[in-house]
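Everything numeric here is computed off the predicted structure, so don't read it as measured data. A, B, ... follow the sequence lines: proteins, then strands. Residue 1 opens every chain.
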Amino acid sequence: MNQQQIRKFRKRLIGWYRENRRDLPWRKTNDPYCIWISEVMLQQTRVETVVPYYQRFLQCFPDLPSLARSDLEAVLKAWEGLGYYARARNLHRAAGIVIAEHQGVVPQDPDLFGKLPGVGVYIRAAVTSIAFDKPLPAVDGNVKRVLARLMKIGEPVNRSSFHRSFTAAAQQLLDRRQPGTYNQAMMELGALICMPGQPDCPRCPVRSFCSAFKENGVDRYPVRLRSEPVPEYRIAVGVVCRNNRVLITRRKNEGLLGGLWEFPGGKIGPREDPEAACIREIKEEVNLHVEVMAHLSRVKHAYTHFKIVMDVYRCRYLGGRVKLSGPVDYRWIRLEEIDRFAFPKANHKFFPMLRKVGCR
DNA sequence: AACTCGGGGCC
DNA sequence: GGCCCAGAGTT
């Protein structure tokens, strides 16, 4: 595309966007804090999933100072079920930094904003373009797919090493006079028209500019490398009952499900009996001696890089004093209190059965 | 440059 | 059961 075509392209795209954009909650505000929250939640997560979380989160933490003041526990509870919990931890940390080092005001300078934890290349571009009209191209999964078709870019979209080809194309098309609107228009096009599976080319406002469409080859783009098959692990988990209370432990703040609460347990060895593994894991993690009373539930769950089959056992406390090895905290709680803590989805899957059976 | 990090909705 | 989503941090 030459410069004149690029100008027409932007005009078509933005005209279409003004008429067809979805009425999303974060499009009703100019508050950089709110836009920031939305972009972090939308990372690797669909719009429909985010909407209720976004609204609840802003009720709990209506502005940046309220987020900075709150406990990480409360933030994780608001984030519970959304996944990628480092996003919540980084957001909470970033809010503290904005208070301490930026007088409580979200920095407009992309270089400063981009230094905050959890703010990478994409979120820096998205937030500063939408909230502050900074001319940076926001290149997410949607935009890469649109660009791959538009310019017939044959490099795989799911390899970070090829990210540069897409940002170069995006830089060239960006409307520097209204970068926020342009960026959202590209993403909206990817979400509503230029979808992954069956793009709706007949309704596409920019199909006359699309190289892949012209050659009848939209289905050949984007190119994507196949991902490895994921391993499956067997997990044994114990609900330890004592005096009408159950034992929960908190994971360390780093790594998988960092900061969340869970029922103690762990991997079952290659030829290990699941009940024995349950008893062993509880001994190793919290130093308690327990016996298995009954099998409570079997849960299947998929993570990004592996999947698990988890057997859950009701256990009876026999002896010992809690000494943590792995977990960083623990509580003996009544089942009625369980909703106060943030748990991973895999734990939630057996909660209904646990409530039914109780803990005695 | 490769690996880690959730969950859900759709096919 | 696999795909893919408004990606970032770590190593």
Side-chain angles (χ1 to χ4, degrees), chain A residues 21-22 24-27 35-54 76 79-91 93-94 114-131 136-146 148 156-164 166-167 170 180 182-192 194-198 222 224-232 251-260 262 299-308 342-349:
Chain A
R21 61 182 231 165
R22 290 168 290 179
L24 300 172
W26 46 89
R27 289 183 176 158
I35 293 167
W36 183 6
I37 300 296
S38 76
E39 290 300 343
V40 174
M41 286 188 172
L42 285 161
Q43 185 184 333
Q44 298 295 100
T45 311
R46 294 177 196 284
V47 166
E48 314 83 72
T49 307
V50 165
V51 169
Y53 278 94
Y54 173 83
L76 287 173
W79 209 270
E80 182 184 27
L82 200 50
Y84 286 153
Y85 298 94
R87 296 182 294 176
R89 300 195 302 269
N90 285 331
L91 209 41
R93 197 151 62 89
K115 284 192 172 63
L116 295 168
V119 180
V121 176
Y122 166 78
I123 290 187
R124 176 181 65 198
V127 173
T128 63
S129 69
I130 296 170
L136 277 66
V139 182
D140 71 335
N142 278 312
V143 173
K144 281 191 187 178
R145 183 175 59 256
V146 172
V157 290
N158 58 340
R159 279 293 176 281
S160 54
S161 41
F162 295 109
H163 189 73
R164 225 184 135 59
F166 294 92
T167 47
Y182 169 85
N183 279 333
Q184 293 185 81
M186 282 291 275
M187 293 189 271
E188 196 75 340
L189 187 71
L192 298 183
C194 199
M195 293 98 71
Q198 289 290 321
R224 179 172 282 278
L225 268 48
R226 291 196 69 79
S227 44
E228 299 293 310
V230 298
E232 178 173 298
R251 298 173 65 92
K252 61 181 164 64
N253 277 331
E254 299 75 38
L256 183 70
L257 305 169
L260 270 63
E262 65 181 1
V299 166
K300 294 189 177 186
H301 192 73
Y303 293 90
T304 307
H305 290 285
F306 62 93
K307 44 190 176 180
I308 61 170
F343 284 87
K345 182 66 184 174
N347 276 226
H348 273 281
K349 285 180 176 175

**Student:** Answer whether the closest heavy-atom distance between the side chains of A/W26 and A/V47 falls below 4.5 Å.
**Tutor:** yes

**Student:** Tell me: CH2 of A/W36 to C1' of C/dA6, nearest whole Å?
**Tutor:** 16 Å

**Student:** Is A/Y122 close to A/V143 at the side-chain level, that is, under 4.5 Å between some pair of heavy atoms?
**Tutor:** no

**Student:** Using atom CG of A/N158 as one end and atom C1' of C/dG7 as the other, report the distance to the nearest whole Å.
**Tutor:** 13 Å

**Student:** Rounded to whole angstroms, how far apart are OH on A/Y84 and C1' on C/dA8?
**Tutor:** 10 Å

**Student:** Once you round it to whole Å, what is the distance between C1' of C/dG9 and CZ of A/R87?
**Tutor:** 14 Å

**Student:** Take atom CD of A/E228 and atom C1' of C/dC3, then tell me their distance rounded to the nearest Å.
**Tutor:** 15 Å

**Student:** Looking for any heavy atom pair under 4.0 Å, which part of the strands does A/P229 touch: base, sugar-phosphate only, or nothing?
**Tutor:** nothing

**Student:** Let me know the distance between CD of A/Q43 and C1' of C/dC5, rounded to the nearest Å.
**Tutor:** 11 Å

**Student:** Under 4.0 Å, counting only non-hydrogen atoms across every strand here, what does A/W79 touch: a base, just sugar-phosphate, or nothing?
**Tutor:** nothing

**Student:** Could you check A/F343 against A/H305 and say which one's nearest nucleotide on DNA chain B is further toward the 5' end?
**Tutor:** A/H305

**Student:** Please measure how far the P atom in C/dA6 lies from the corresponding atom in B/dT4, and state the result in whole Å.
**Tutor:** 24 Å

**Student:** Look at all strands and tell whether A/Y122 reaches a base, only sugar-phosphate, or nothing, counting heavy atoms closer than 4.0 Å.
**Tutor:** base

**Student:** For DNA chain B, whose closest nucleotide is more 5', that of A/F306 or that of A/T49?
**Tutor:** A/F306

**Student:** Counting the atoms with a prime plus P, OP1 and OP2 as sugar-phosphate, which does A/R89 contact under 4.0 Å by heavy atoms, base, sugar-phosphate, or nothing?
**Tutor:** nothing

**Student:** Send over the distance from A/K307 NZ to C/dC3 P, rounded to a whole Å.
**Tutor:** 11 Å

**Student:** Could you give the distance from CD1 (A/I35) to CD1 (A/I123), rounded to the nearest 0.5 Å?
**Tutor:** 12.5 Å

**Student:** When all nucleic acid strands are considered with a 4.0 Å heavy-atom cut-off, which category describes A/R27: base, sugar-phosphate, or nothing?
**Tutor:** base

**Student:** For DNA chain B, which nucleotides open and close the run of contacts to chain A, 5' to 3', at under 4.0 angstrom from a non-hydrogen atom?
**Tutor:** B/dT4 to B/dG9

**Student:** Applying salt bridge (charged side-chain N to carboxylate O under 4.0 Å, His left out) to A/R27 and A/E188, what does each step give before you reach the verdict?
**Tutor:** CA-CA 12 Å; A/R27 289 183 176 158; A/E188 196 75 340; 3.1 Å; yes

**Student:** Taking only side-chain nitrogens and oxygens of A/R226, does any of them come within less than 4.0 Å of OP1 or OP2 of C/dG2?
**Tutor:** no

**Student:** Looking only at atom C1', what distance separates C/dT10 and B/dG7, rounded to whole Å?
**Tutor:** 22 Å

**Student:** Would you say that A/P137 contacts A/T167 through its side chain, given a criterion of any heavy-atom pair below 4.5 Å between the two side chains?
**Tutor:** no

**Student:** Quick one: label A/L82 by what it contacts on the DNA or RNA (base, sugar-phosphate, nothing), any heavy atom closer than 4.0 Å.
**Tutor:** base

**Student:** Check the distance between C/dG7's P and A/E39's CD and give it to me in whole angstrom.
**Tutor:** 9 Å

**Student:** What is the nucleic acid contact for A/V119, judged by heavy atoms within less than 4.0 Å: base, sugar-phosphate only, or nothing?
**Tutor:** sugar-phosphate

**Student:** Has the side chain of A/R46 got a donor or acceptor atom sitting under 3.5 Å from an opposite partner on the base of C/dC4?
**Tutor:** yes

**Student:** Would you classify A/G197 as touching base, sugar-phosphate or nothing, given that sugar-phosphate means primed atoms plus P, OP1 and OP2, and contacts are heavy atoms under 4.0 Å?
**Tutor:** nothing

**Student:** According to salt bridge (charged side-chain N to carboxylate O under 4.0 Å, His left out), who are the partners of A/R251, at least two apart in sequence or on a separate chain?
**Tutor:** A/E262

**Student:** Of all the nucleotides listed (C/dG7, C/dA6, C/dC4), which has the minimum atom distance to the side chain of A/Q44?
**Tutor:** C/dG7

**Student:** Under a 4.0 Å threshold between the charged nitrogen and the carboxylate oxygen, would A/E39 count as salt-bridged to A/R124?
**Tutor:** no

**Student:** Using a 4.0 Å heavy-atom cut-off across all strands, classify A/V50 as base, sugar-phosphate, or nothing.
**Tutor:** nothing

**Student:** Can you confirm whether the side chains of A/H301 and A/K345 place a donor and an acceptor under 3.5 Å from each other?
**Tutor:** no

**Student:** Apply the test side chain to side chain donor-acceptor pair (under 3.5 Å) to residues A/E228 and A/H305: give CA-CA distance (whole Å), side-chain angles for both, the deciding distance (0.1 Å), then the verdict.
**Tutor:** CA-CA 9 Å; A/E228 299 293 310; A/H305 290 285; over 6 Å; no

**Student:** Checking all strands, does A/R124 fall into the base, sugar-phosphate, or nothing category for heavy-atom contacts under 4.0 angstrom?
**Tutor:** nothing

**Student:** C/dA8 and B/dG9: how far apart are their C1' atoms, nearest whole angstrom?
**Tutor:** 23 Å

